[in-house]
Number of protein chains: 2
Amino acid sequence: MEQKIMYSDTQCAKNIDAVEDALYVLGGKWKLRIVIALISGHNRFNELQRIIKGISARVLSNELKQLELNGLAKRVVQADKTPVVVEYVPTEYAETLKDVVAALADWGQKHKKKITSHE
Amino acid sequence: MEQKIMYSDTQCAKNIDAVEDALYVLGGKWKLRIVIALISGHNRFNELQRIIKGISARVLSNELKQLELNGLAKRVVQADKTPVVVEYVPTEYAETLKDVVAALADWGQKHKKKITSHE
DNA sequence: ATTACTACTAACCTTTAGTTTACTACTAAT
DNA sequence: ATTAGTAGTAAACTAAAGGTTAGTAGTAAT
């Protein structure tokens with residue numbers, strides 16, 4: 001009936017479902033930025049707030065809890081130190097996001113070049 | 001001073017900025033799903049609304065306008081046909097998103113497997 | 001003694017995103 | 001004549017996300 005379908009409807013639905021599952025964990029304004037910061041070795045609360053420009057303590061705190069729930073970060077308290085040091089460390093699972101981050105960062109960079117040059 | 005930084009602060013900031021630029025265009029609940037649907041050959045308004053489950057006409061209409069503004073989709077009216085047929089076609093530029101979609105869909109799929117199996 | 005840093009939380013408020021219902025104007029089929 | 005589909009828009013609303021301000025309890029430096 002239709003001629004121009006490039007991929008099957010089921011493939012399309014599969015892709016939509018899959019990005020839906022990804023966005024459930026990674027969606028929103030801050031999650032990916034936080035993951036990048038964590039992977040880049042920024043592990044302490046105020047350090048994260050400093051490097052992720054514009055994020056409030058409230059939001060950072062909430063997002064870190066969700067990242068922990070989803071197995072991407074771990075809250076580590078070093079109770080021996082005084083004052084107590086809290087670190088948020090990316091899990092091994094968070095490393096699996098490197099391709100996603102790379103693809104998105106790459107596209108974002110190219111996109112910026114595009115809009116700042118010939119537009 | 002610090003030993004454990006894996007990547008430089010500037011690299012981290014660059015990545016954060018780049019995904020920020022990408023999310024400005026692609027962020028939100030629907031944009032990527034619509035792009036996938038468009039690339040998959042679903043081009044008409046009601047067709048898109050049918051395949052993208054849960055999206056309302058209002059939101060679909062708004063998102064399509066934004067995708068057009070950002071050069072990812074083009075609204076094509078076939079005035080000759082009766083009734084008039086409106087098609088939303090992905091631009092060439094939208095094709096550059098394939099890597100992003102693939103990375104995200106791949107991760108989403110693996111993530112779903114992870115949480116539905118051993119959790 | 002004051003200032004500042006740490007890692008947050010509470011309460012409140014605003015903004016953005018999304019939903020629902022209804023409606024338009026036209027066509028095409030039953 | 002009625003029903004259904006096309007491609008939407010308008011108005012009014014709710015829900016979710018995020019921001020702002022202030023404050024806690026402790027340490028450590030000036």
Side-chain angles (χ1 to χ4, degrees), chain A residues 1-2 4 16 19-20 22-35 37-38 41-70 73-90, chain B residues 1-2 4 16 19-20 22-35 37-38 41-70 73-90:
Chain A
M1 295 165 183
E2 289 276 344
K4 61 177 185 296
I16 290 177
V19 311
E20 192 167 334
L23 293 182
Y24 180 80
V25 177
L26 305 173
K29 193 171 172 181
W30 301 111
K31 299 241 174 59
L32 276 169
R33 296 173 215 207
I34 296 171
V35 167
L38 291 175
H42 301 284
N43 304 107
R44 302 201 30 200
F45 193 89
N46 286 356
E47 197 186 352
L48 289 166
Q49 212 189 337
R50 242 176 278 119
I51 201 127
I52 303 165
K53 280 159 210 156
I55 198 167
S56 67
R58 192 194 96 131
V59 170
L60 178 55
S61 176
N62 289 343
E63 301 276 300
L64 285 169
K65 277 173 195 158
Q66 288 185 56
L67 289 176
E68 205 179 356
L69 272 174
N70 289 310
K74 186 101 189 66
R75 188 178 188 267
V76 178
V77 183
Q78 287 170 289
D80 51 323
K81 304 236 178 90
T82 113
V84 175
V85 165
V86 180
E87 280 199 331
Y88 294 91
V89 294
Chain B
M1 296 170 184
E2 289 276 344
K4 60 176 186 295
I16 289 177
V19 312
E20 192 168 334
L23 292 182
Y24 180 79
V25 177
L26 306 173
K29 192 171 172 181
W30 301 110
K31 299 244 173 57
L32 276 169
R33 295 174 215 208
I34 295 171
V35 168
L38 290 175
H42 300 284
N43 304 106
R44 300 195 38 195
F45 192 90
N46 287 355
E47 198 186 352
L48 289 166
Q49 212 189 337
R50 241 176 279 121
I51 201 129
I52 302 164
K53 280 158 209 157
I55 197 167
S56 68
R58 192 193 98 133
V59 170
L60 179 55
S61 175
N62 290 341
E63 301 277 300
L64 284 169
K65 276 173 196 158
Q66 288 184 54
L67 289 175
E68 204 179 356
L69 271 174
N70 288 309
K74 185 101 188 67
R75 187 177 188 268
V76 177
V77 182
Q78 287 170 290
D80 50 323
K81 303 234 179 95
T82 115
V84 175
V85 166
V86 180
E87 281 199 331
Y88 293 91
V89 293

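Each chain gets a letter, A, B and so on, in the order its sequence line appears, and its residues count up from 1. Just so we're clear, the structure is a prediction, and the values are computed from it rather than from any experiment.
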Minimum heavy-atom distance between B:Val19 and A:Arg33, given as atom pair plus value
CG2-CG, 4.2 Å
Here the gap from A:Ile55 atom CD1 to A:Lys29 atom NZ, rounded to the nearest 0.5 Å, amounts to 9.0 Å
5'-most to 3'-most nt of DNA chain C touching chain B (<4.0 Å, heavy-atom partner on protein side) reads C:dG18 to C:dA28
Nucleotides 3-18 of chain D: protein proximity per nucleotide (B base, S sugar-phosphate only, - neither; heavy atom, under 4.0 Å)
---BBSB-BB-----B
Do the non-hydrogen side-chain atoms of B:Leu60 and B:Phe45 ever get within less than 4.5 Å of each other?
yes
If you look at every heavy atom in A:Gly28 and B:Leu23, which pair is closest and at what distance?
O-CD1, 4.4 Å
Heavy-atom pair of closest approach, residues B:Asn43 and B:Val89
ND2-CA, 4.0 Å
Minimum-distance pair of heavy atoms, taken over all atoms of B:His42 and B:Leu48:
O-CD2, 3.2 Å
CD of B:Glu47 to CD1 of B:Ile52, rounded to nearest 0.5 Å, is 10.0 Å
Selection residues 48-66 of chain A - residue pairs positive for salt bridge (charged side-chain N to carboxylate O under 4.0 Å, His left out), sequence neighbours left out
A:Lys31-A:Glu63
Could you state the atom-to-atom distance from CG of A:Leu60 to P of D:dT20 in whole Å?
15 Å
So what does B:Gly54 touch, heavy atoms closer than 4.0 Å: a base, only the sugar-phosphate, or nothing?
sugar-phosphate
